[in-house]
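Scroll down for the structure; my scribbles are underneath it.
Counting starts at 1 for both ligands and their atoms, following the listed order.
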Amino acid sequence: MKTVIQSPVDPGFMQNPYPFYDTARAEGDLVYWEDYKKTAAVSHRAVQALLKDRRFGREVPNELHRPGPDHLSPWLQVEAHSLLEAEPPRHTRLRALVMRAFTSRAIAALEPSIHDLSHALIDDFPDTPFDLLDAFCTQIPVITICRLLGVPAEMSPNLLRWSHAMVAMYQASRTRETEDAAAMAAQDFTAFLGDYIEQRRTDPQDDLITRLIAAEEDGEKLSRDELVATCVLLLNAGHEATVHSLGNGVKTVLQLGLGPQVFAPDQIDGTVEEILRYDPPLHMFTRYAYEDVEIFDHSFKRGDEVALLLGAANRDAAVWKDPHRFDPTRHIVTNTSFGGGLHFCVGAPLARLEMRIALIALFRRWPTLHLSEAPEYSNTYHFHGLTRLMVQV
Ligand code: HEM
């Protein structure tokens, strides 16, 4: 296996990681990424195969489990009970409870409220240059996930603050300050949810928190810690990636000067899929090997970690002709932006719905929308999103 070297905080890489992915993929399905000290899967077939291979998983193998440092304990406590960090049978139980609320009917029922929200936000756009990421791309997913869970939308500024501090723990630029901020955010978020859940116990509504509270009261299905961790995960995952899918997508469309035809009813689904493939908001997730595995000419030992580079898989020329070209009309092939296998994104249908409605509304109301400043990506790898998206209508 070839070794590749690339700092994830290098400014050029941050702005455009795709040339590095091409160089790495030219070396094979798997490479050793020196800066992460990890094997990385870079081809579409390797990323897909490892996502689906049950001999690999997200939960830390028992013998590698170490108690984390004290200063991180509120954050670790949430992580320890998260569905995203669990494998069966715990994962199966938690995911089944969440999926009850994510039925296609429940998601489709959100359509009118996402539509109204998009138009209300557009009504408030100023006629001077403004940050679309803040005024539009962030508000749609955060308010929608609040509504789905049954958390007052007025809480969204706090949720955003807590969420940003907590997910910064996964960024290559993480420091001791990042850790302190994440621990504090986890503590405040957990305290808020603790109080809110108590309040809602006596005031049940038709929403996800009420259903999860009922599952907790049932006894065996959901512990109190799991209830809180599930709400935190849904509130965080429910907006972080969608914000930047919208931001990266609008940026691409404006830079390429694509016309309103890409948002026509018979084309919008292709456009959303191409946005997700071409410039996804999450570029890397990792897995542990649970047994010794021989795959893609490499021998994994139990406990070895492998990084799955979703952003690299989506630009694999073995699957997409001319993969660096943004082409909303191309034949849709499942991309890896929502992962795959057991942990496949719970919110994929919701994210697609939000993107479809928001993009149609935005470009129908403002066909002359244009960039007022060159957008830049932030130093947050493995997240891949803009610092801001200055536009003018
Ligand atoms: C475009 C937006 C989104 C993208 C690109 C995205 C991407 C992903 C990816 C790649 C994973 C799998 C991680 C892994 O395999 O290690 C994942 C898992 C997850 N996502 Fe999303 N996501 C998005 C939106 C959402 C939304 C809107 C929600 C909630 C409403 C959500 C909730 C979750 C949850 C709960 C999991 C964990 C599933 C499990 O472990 O079984 N996501 N997402």
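- Between the side chain of Asp316 and the backbone N or O of Ser43, no donor-acceptor pair lies under 3.5 Å.
- Of all atoms in ligand 1, numbered sequentially from 1 with element shown, those under 4.0 Å from a heavy atom of Ile145 are 30 (C).
- Atom numbering of ligand 1 starts at 1 in the shown order; those under 4.0 Å from a heavy atom of Ser245 are 1 (C), 2 (C).
- Proximity of a side-chain donor or acceptor of Arg147 to a complementary backbone N or O of Leu110 within less than 3.5 Å is not detected.
- In this structure, His164 and His239 have perpendicular ring planes: the angle between them is above 60°, well past the 30° mark.
- Using a 4.0 Å cutoff on heavy atoms, His91 counts as a contact of ligand 1.
- With ligand atoms numbered from 1 in the order given, ligand 1 contributes 41 (O) to contacts under 4.0 Å with heavy atoms of Leu342.
- The ligand atoms of ligand 1 that sit less than 4.0 angstrom from a heavy atom of Leu84 are 37 (C), 40 (O).
- Looking from atom 14 (C) of ligand 1 to the surrounding protein, the closest heavy atom is Arg287 NH2, 3.4 Å.
- Close approach to Arg95 involves these atoms of ligand 1, each under 4.0 Å from a residue heavy atom: 38 (C), 39 (C), 41 (O).
- Atoms of ligand 1 lying under 4.0 Å from any heavy atom of Ser337, numbered from 1 in the order shown and given with element: 5 (C), 7 (C), 10 (C).
- The ring of Phe20 has its center closer than 6.0 angstrom to the ring center of Trp33.
- Near Phe102, meaning under 4.0 Å from any of its heavy atoms, are these atoms of ligand 1: 30 (C).
- Annotation: atom 12 (C) of ligand 1 to nearest protein heavy atom, His343 O, 3.4 Å.
- For the pair Asp225 (side chain) and His81 (backbone), a donor-acceptor distance under 3.5 Å is absent.
- By the 3.5 Å distance cut-off applied to N or O atoms, Arg58 is counted among the residues near ligand 1.
- For the pair Asp304 (side chain) and Lys301 (backbone), a donor-acceptor distance under 3.5 Å is present.
- Using 4.0 Å as the threshold, Leu310 has a heavy atom nearer than that to some atom of ligand 1.
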Any chance you could lay out the side-chain contact (heavy atoms from CB on, under 4.5 Å) test for Arg315 and Tyr21, step after step, and finish with the verdict? CA-CA 8 Å; Arg315 297 278 188 116; Tyr21 294 156; 5.7 Å; no
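- Residue Ile357 is tested with Leu117, Ile114, Ile140, Ile268 for a side chain to side chain contact (heavy atoms under 4.5 Å, CB included); the sole match is Ile114.
- Residue-and-atom listing of protein N/O/S atoms under 2.8 Å from atom 21 (Fe) of ligand 1, sorted by chain and number: Cys345 SG.
- Here the side chain of Gln267 pairs a donor or acceptor atom with the backbone of Pro328 at under 3.5 angstrom.
- The side chain of Leu233, and not its backbone, has at least one atom closer than 4.0 Å to an atom of ligand 1 (non-hydrogen atoms only; side chain from C-beta on).
- Although no hydrogens or angles enter the test, the distance criterion places a donor-acceptor pair under 3.5 Å between the side chain of Thr271 and the main chain of Val262.
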CA sep, side-chain torsions, deciding dist, call: Leu308, Phe56, side-chain contact (heavy atoms from CB on, under 4.5 Å): CA-CA 11 Å; Leu308 312 179; Phe56 293 83; over 6 Å; no
N/O donor to acceptor pairs below 3.5 angstrom from side-chain atoms of residues 337-352, sequence neighbours left out:
from: Ser337; atom 1: OG; to: Leu276; atom 2: O; distance (Å): 2.6
from: Ser337; atom 1: OG; to: Asn314; atom 2: ND2; distance (Å): 2.9
from: Ser337; atom 1: OG; to: Asn335; atom 2: OD1; distance (Å): 3.3
from: His343; atom 1: NE2; to: Ala86; atom 2: O; distance (Å): 3.4
from: His343; atom 1: NE2; to: Glu87; atom 2: OE2; distance (Å): 2.8
from: Arg352; atom 1: NE; to: Glu273; atom 2: OE2; distance (Å): 2.7
from: Arg352; atom 1: NH2; to: Glu273; atom 2: OE1; distance (Å): 3.2

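- A salt bridge is absent between Arg356 and Glu111: the closest approach of a Lys/Arg side-chain nitrogen to an acidic carboxylate oxygen does not fall below 4.0 angstrom.
- Using a 4.0 angstrom heavy-atom cutoff, His239 does not count as in contact with ligand 1.
- Of the heavy atoms in Pro281, only side-chain atoms (C-beta onward) come closer than 4.0 Å to ligand 1.
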